[in-house]
Number of protein chains: 2
Amino acid sequence: MKRKITLKQIAKELDVSISTVSKALRNSIEISEDTREKVQAFAKLYNYRPNNIALSLKNRKTKTIGVIIPEIVHHFFSKVIKGIELLANTKGYNVIVGLSNESFDKEVLNMEMLANGSIDGFILSISKETLMKQDYHHFNETINQGMPIVMFDRVINDLNCDKVIVDDYEGSTKAVNFLIDKGCKSIGLITTMDYVSVGRLRTQGYISAIENQGAELNAELILKIDDSNTSEEQIDILESQIEQLFENNKNMDGVFAVNELYALIAMKVARKRGLKIPEDIQFIGFTDGVLSKHATPSLTTVSQHAQAMGEKAASLLINRLENEEDEEHFEKVIIETDLIERNSTK
Amino acid sequence: MKRKITLKQIAKELDVSISTVSKALRNSIEISEDTREKVQAFAKLYNYRPNNIALSLKNRKTKTIGVIIPEIVHHFFSKVIKGIELLANTKGYNVIVGLSNESFDKEVLNMEMLANGSIDGFILSISKETLMKQDYHHFNETINQGMPIVMFDRVINDLNCDKVIVDDYEGSTKAVNFLIDKGCKSIGLITTMDYVSVGRLRTQGYISAIENQGAELNAELILKIDDSNTSEEQIDILESQIEQLFENNKNMDGVFAVNELYALIAMKVARKRGLKIPEDIQFIGFTDGVLSKHATPSLTTVSQHAQAMGEKAASLLINRLENEEDEEHFEKVIIETDLIERNSTK
DNA sequence: ATGAAAGCGCTAACAT
DNA sequence: ATGTTAGCGCTTTCAT
């Protein structure tokens with residue numbers, strides 16, 4: 001078992017100084033052709049690679065990005081990570097992943113664990129608990145220490161950092177208008193509580209689309225789910241809540257759901273009640289998941305382009321890390337949504 | 001913007017030496033109560049945290065684990081990562097994620113990028129391309145340099161490292177026997193090419209279950225999918241191949257698929273052909289995905305306990321890192337599968 | 001009880 | 001052309 005070789009060992013073997021070796025390896029013209037070749041050959045033979053940690057200490061930068069997300073077993077987030085990793089890798093950066101698990105404490109802990117020199121900057125999406133508590137001191141402290149943050153999807157507006165969001169408002173409006181165009185007269189909304197900004201914005205998009213149509217807004221048609229605990233039995237509760245929605249609105253002929261699971265369960269309920277999809281009732285979900293494509297019928301969705309979000313977030317962060325210039329001026333990038341038509345709409 | 005404070009700065013402010021500060025912070029009895037309190041108060045005030053990189057360089061260990069997986073947008077892998085992160089975090093370790101994207105070159109690149117001091121050890125699952133080429137030099141080199149590896153799911157037997165696998169053979173046997181118990185007389189198999197070890201083992205499980213039954217093996221009932229490229233149009237090809245399977249076996253009354261997507265598409269084909277599930281034909285998938293639970297009908301599956309695999313892998317690696325003892329002796333842990341009954345079987 | 005010095009692996013300014 | 005030195009931030013052994 002041959003341990004990794006260091007400059008020091010090479011220097012000793014070849015009977016030169018450490019700095020000579022260092023320079024020779026970096027092709028410095030200060031070094032004679034002779035020793036340069038000798039050193040390089042030896043280094044190659046022993047498969048010398050500079051130690052990243054030593055470089056990080058010296059350069060005061062680690063070339064790694066810390067990513068904190070609420071949950072990894074989730075199509076949207078894993079796709080964002082894929083985008084981040086892809087772009088980071090092409091720029092020579094590594095990616096450390098921390099999971100907050102929707103918990104405030106774990107989010108803080110994870111950030112503290114990484115902010116002590118392990119990474120150059122953060123890309124993160126805020127946990128539900130943090131959003132609910134509205135306690136953002138850990139973000140501010142990190143930023144104040146000179147470590148840049150890029151937030152995506154679940155963001156806070158008045159924070160000194162770049163943001164990448166999907167146009168939730170526009171996406172919902174688009175979806176609801178689509179349902180209206182397809183002849184829906186009574187469109188239900190299945191959404192989350194307002195403290196999740198994306199839920200709030202999607203709800204607003206729904207409302208404005210309905211109102212712009214001159215139609216009156218019917219509160220009965222709006223179902224707000226409290227998903228602060230995401231346990232298993234939650235799904236049964238969810239289903240009965242959706243049952244109730246159908247029961248209260250017998251003439252409902254369209255449903256817009258803020259995620260694909262809600263939409264799928266709603267379709268299931270509709271089918272149970274003997275409704276034909278899309279003939280009797282049409283469905284659209286807001287999502288970037290796998291369920292939609294393989295559901296029966298397949299679900300029309302508003303795509304969030306999660307991977308593009310990840311790439312954009314990584315590119316913003318790396319730009320900021322490598323160009324000290326644009327301090328104090330932060331970008332808010334909006335990723336456009338696309339409506340993907342499948343078989344749950346006419 | 002106050003940058004992170006260092007021992008040096010504290011020492012200067014308090015007019016003591018760096019080593020005094022260091023000792024004071026670690027509660028050394030060498031230091032007088034007086035200065036100890038003074039230093040600790042000052043450190044707390046300025047929120048001092050030791051620099052991880054410096055510690056890593058000093059201790060020659062980074063307390064971070066490198067994870068290389070073929071794909072992250074995949075329920076199984078993201079669940080494994082969740083398990084790894086969970087356990088790693090409780091032990092004070094961070095997790096760097098690298099994606100091979102099923103490519104040999106990216107796998108090698110990623111490993112080289114991390115093996116130069118950034119991490120203490122690897123947890124990985126081998127890319128399809130690597131399995132096909134059977135080129136494992138990068139694993140051997142890493143191990144030879146004294147960096148431990150733990151492989152999971154897609155593993156190579158004769159490699160000096162710990163392994164965590166699911167009992168693919170046993171799981172398939174269990175599934176096929178279950179179908180037989182439920183009255184199936186003609187059971188189809190939808191699997192992958194043999195170079196993916198999990199596909200091969202699951203196929204063997206199917207075969208032995210059929211043969212143990214005294215039934216004769218019918219090659220017509222076995223469909224091997226070449227999924228070496230996983231593009232979009234692949235799904236249409238997949239569907240037509242499965243159509244063919246049904247066409248060739250009109251009396252098929254059970255299907256075992258080595259993943260949930262194959263099972264779902266098979267169910268779709270069956271439905272199209274007017275077959276009732278589970279009355280006319282029953283289905284089981286091998287998986288740990290979300291599709292199964294929300295499919296119609298929901299799919300009976302063999303669960304792999306992905307998160308448990310991740311936790312076990314992390315625990316094996318950390319044990320090896322922290323106890324130098326058990327060199328040369330490697331474990332192969334087998335995670336039991338569970339059959340989760342849903343509505344695609346009687 | 002405190003401090004000086006060496007060392008982890010590397011780079012770079014500054015001698016020679 | 002080569003070597004010495006200092007320093008990145010920290011711990012620890014060895015003086016004082």
Side-chain angles (χ1 to χ4, degrees), chain A residues 2-40 42-43 46-64 114-120 145-147, chain B residues 2-40 42-43 46-64 114-120 145-147:
Chain A
K2 38 170 189 180
R3 291 229 156 243
K4 300 240 68 172
I5 198 170
T6 67
L7 288 190
K8 196 177 180 179
Q9 293 168 52
I10 298 182
K12 196 165 146 196
E13 290 296 326
L14 298 183
D15 204 39
V16 289
S17 79
I18 295 178
S19 58
T20 301
V21 177
S22 174
K23 286 171 186 162
L25 289 175
R26 335 190 95 243
N27 283 314
S28 162
I29 43 155
E30 287 182 36
I31 304 297
S32 73
E33 184 125 347
D34 231 37
T35 38
R36 212 187 321 158
E37 277 171 6
K38 191 176 61 178
V39 170
Q40 296 195 353
F42 190 92
Y46 283 87
N47 194 30
Y48 169 80
R49 293 276 180 282
N51 180 310
N52 278 333
I53 295 295
L55 286 180
S56 294
L57 186 60
K58 179 113 224 350
N59 302 330
R60 271 103 146 278
K61 52 173 99 175
T62 60
K63 291 275 235 171
T64 103
L114 296 179
N116 307 128
S118 301
I119 60 163
D120 296 339
Q145 295 194 345
M147 176 162 298
Chain B
K2 38 171 190 183
R3 291 228 157 246
K4 300 237 70 172
I5 198 170
T6 67
L7 288 190
K8 196 178 180 179
Q9 293 167 51
I10 298 182
K12 197 164 145 199
E13 289 295 327
L14 298 183
D15 204 40
V16 289
S17 79
I18 295 179
S19 54
T20 301
V21 177
S22 175
K23 285 170 186 163
L25 288 175
R26 336 192 93 245
N27 284 314
S28 162
I29 42 156
E30 288 183 40
I31 304 296
S32 74
E33 183 125 345
D34 231 38
T35 36
R36 211 185 324 154
E37 278 170 5
K38 192 176 61 176
V39 169
Q40 295 195 355
F42 191 91
Y46 284 87
N47 193 30
Y48 170 79
R49 293 278 179 281
N51 180 309
N52 279 333
I53 297 295
L55 287 180
S56 295
L57 185 59
K58 180 110 239 293
N59 302 332
R60 272 105 145 280
K61 53 172 101 173
T62 60
K63 292 276 239 170
T64 105
L114 296 179
N116 308 127
S118 301
I119 60 163
D120 296 338
Q145 295 194 345
M147 177 163 298

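Below, chain A is the first sequence line, B the second, and so on; all start at residue 1.
Remark: A:Lys23 engages A:Glu30 in a salt bridge (Lys or Arg N to Asp or Glu O under 4.0 Å) (not counting sequence neighbours). For A:Gln9, the side chain to side chain contact (heavy atoms under 4.5 Å, CB included) partners at least two apart in sequence or on another chain are A:Ile5, A:Thr6.
We find that CD1 of A:Ile5 is positioned 16 Å from C1' of C:dC8, with the value rounded to whole Å.
The number of heavy-atom neighbours closer than 6.0 Å to NZ of B:Lys4, taken from other residues, nucleotides and ligands shown, is above 12. A:Asp34 CG: 12 or fewer foreign heavy atoms inside a 6.0 Å radius.
Across its full length, the helix from C:dA1-D:dT16 to C:dT16-D:dA1 shows an angle of 70° between the axes of its 5 terminal pairs at either end, rounded to 10 degrees.
Residues of residues 15-24 of chain A that place a heavy atom closer than 4.0 Å to DNA chain D, in numerical order, are A:Val16, A:Ser17, A:Ser19, A:Thr20, A:Lys23. A heavy-atom distance below 4.0 Å to DNA chain C is reached by these residues of residues 51-63 of chain B, ordered by number: B:Leu57, B:Lys58, B:Arg60.
Using a 4.5 Å heavy-atom threshold, the side chains of A:Ile10 and A:Tyr46 count as separate. The shortest side-chain heavy-atom distance between A:Leu25 and A:Leu7 falls under the 4.5 Å cut-off.
For the atom pair CZ of B:Arg60 and CD1 of A:Ile53, the computed distance is 12.5 Å after rounding to the nearest 0.5 Å. The line from CD1 of B:Ile31 to OG of B:Ser19 is 7.5 Å long, rounded to the nearest 0.5 Å. Distance CG/B:Leu14 to NZ/B:Lys12: 12.5 Å, rounded to 0.5 Å. Within the model, atoms CG of B:Asp15 and OG1 of B:Thr35 stand 12.5 Å from one another, a figure rounded to the nearest 0.5 Å. One distance of note links OG of A:Ser56 with CG of A:Asp120; it measures 7.5 Å at 0.5 Å rounding.
Annotation for B:Ile119 and B:Met147: closest pair O-CE, 3.3 Å, computed over non-hydrogen atoms.
Along DNA chain C, the nucleotide nearest to A:Lys8 and the one nearest to A:Glu30 differ in position, and the one closer to the 5' end is contacted by A:Lys8.
In terms of phosphate contacts, A:Tyr48 brings no side-chain nitrogen or oxygen within less than 4.0 Å of OP1 or OP2 of C:dG9.
Of all nucleotides in DNA chain D, those with any atom nearer than 4.0 Å to a heavy atom of chain A start and finish, going 5' to 3', at D:dA1 to D:dG9.
Backbone-only contact: B:Ile29 has heavy atoms under 4.0 Å from sugar-phosphate atoms and none from a base.
With A:Ser22 contributing its side chain and A:Ile18 its backbone, the two residues share no donor-acceptor pair below 3.5 Å.
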